[in-house]
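As structure tokens, the structure follows; a few thoughts come after it.
Positions are given from 1 along the sequence. Just so it is clear, the model here is predicted, and its values are computed rather than measured.
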Amino acid sequence: MDSDEFDRTGAGRAAQNGCGRFLSGAAPSGPPVAVKAGVQVAVVLCLATVLVHVLLVFLEVAPPNPISRQYSRQVNAWVFPLFEQNWRLFAPDPESVNRQISARTMHTAADGTVQVSGWFDLTAVDTAAVRHEPFPSHTAQNMLRRAWTSYLETHGGDDRQRSQRALMIQRYLRNIAVDRVAARRHGAFESIQLRVITLPIAAPPAADGPGHVAAAPRSADTRYLPWWKVARRASD
């Protein structure tokens with residue numbers, strides 16, 4: 001056998017053996033079974049969460065029915081306050097008043113003396129964050145305002161909690177004030193109080209005519225909420 005034939009024969013056998021190993025060997029494996037199972041479980045959980053969310057929101061906005069009455073506590077616990085639904089996007093209720101919400105804190109020192117801070121204007125902070133801002137945040141625009149509106153709806157004018165939702169809204173409003181004061185003022189405090197000044201928006205001037213009498217501007221209304229105890233907070 002000459003060298004050429006030997007080379008051809010050896011190369012053929014090597015190629016044949018290589019193909020055999022390729023055909024008989026295992027193909028490149030995909031993701032492990034555990035990873036696939038984990039992805040499937042995550043997808044199922046996400047879909048289940050979405051379906052439960054949609055169902056609870058539907059029960060909240062739907063007309064009262066036996067199911068919504070039976071599970072009202074669970075529905076309210078999920079929907080309020082983060083997923084509260086209203087139709088003001090389609091039928092807006094224009095504001096007829098401006099409200100200035102301020103907060104002050106109280107701290108009892110080690111010697112028993114009580115220190116009360118000056119008023120801190122929470123509304124002014126939100127207004128400054130919105131003015132001249134092309135894309136203002138939802139927090140600056142609506143969080144404090146909607147918390148106060150919900151407080152009025154659930155408490156009326158006597159600051160009494162008549163339901164679990166009223167208590168939840170009161171804590172929600174308190175926590176907003178506590179977090180904002182603690183972030184911008186120094187010193188520890190254990191109690192906080194809110195003051196809400198309601199300023200009526202003046203009606204647009206009307207053309208004078210026979211018998212026209214200009215309406216007298218309404219005076220501002222000031223409301224002081226009770227002192228609320230909070231966990232001891234020390235701002236930076």
Minimum heavy-atom distance [X]-[Y], with the two atoms named:
| X | Y | answer |
| --- | --- | --- |
| Ala129 | Ala140 | CB-CB, 3.9 Å |
| Lys229 | Ser191 | CD-OG, 3.4 Å |
| Gln70 | Gln74 | O-OE1, 4.4 Å |
| Val181 | Ile192 | CG2-CD1, 4.3 Å |
| Leu59 | Ser68 | O-CB, 3.8 Å |

- When Asp179, Leu194, Val230, Ile169 are each screened for side chain to side chain contact (heavy atoms under 4.5 Å, CB included) with Arg174, the one that passes is Val230
With a 4.5 Å cut-off on side-chain heavy atoms, are [Y] and [X] touching?
| X | Y | answer |
| --- | --- | --- |
| Val39 | Lys36 | no |
| Trp228 | Leu173 | yes |
| Leu144 | Arg180 | yes |

Can a donor-acceptor pair be found, under 3.5 Å and without considering hydrogens, that links the side chain of [X] to the backbone of [Y]?
| X | Y | value |
| --- | --- | --- |
| Gln193 | Tyr224 | no |
| Thr154 | Ser150 | yes |
| Gln141 | Pro136 | yes |
| Thr105 | Ser117 | no |
| Thr127 | Thr123 | yes |

Within a radius of less than 6.0 Å around [atom1] of [X], do more than 12 heavy atoms belonging to other residues, nucleotides or ligands occur?
| X | atom1 | value |
| --- | --- | --- |
| Leu55 | CG | yes |
| Gln164 | CD | no |
| Arg162 | CZ | yes |

Straight-line distance of [X] [atom1] to [Y] [atom2], nearest 0.5 Å:
| X | Y | atom1 | atom2 | value |
| --- | --- | --- | --- | --- |
| Arg165 | Tyr172 | CZ | OH | 11.5 Å |
| Phe120 | Arg195 | CZ | CZ | 12.5 Å |
| Arg184 | Asp121 | CZ | CG | 11.5 Å |
| Leu152 | Thr198 | CG | OG1 | 7.5 Å |
| Ile197 | Asn98 | CD1 | CG | 12.0 Å |
| Leu225 | Asp159 | CG | CG | 4.5 Å |

Flag yes if [X] and [Y] sit in one hydrophobic cluster, no otherwise; membership is Ile, Leu, Val, Met, Phe, Trp, Tyr, and two members link when side-chain heavy atoms are under 4.5 Å apart.
| X | Y | answer |
| --- | --- | --- |
| Val178 | Met106 | no |
| Val52 | Ile67 | yes |
| Trp227 | Phe189 | no |

- Task: With sequence neighbours excluded, give me every salt bridge (charged side-chain N to carboxylate O under 4.0 Å, His left out) pair touching residues 49-77.
- Result: none
- Message: Clusters formed by hydrophobic residues whose side-chain heavy atoms approach within less than 4.5 Å: which one holds Leu45, and what are its other members?
- Response: Val41
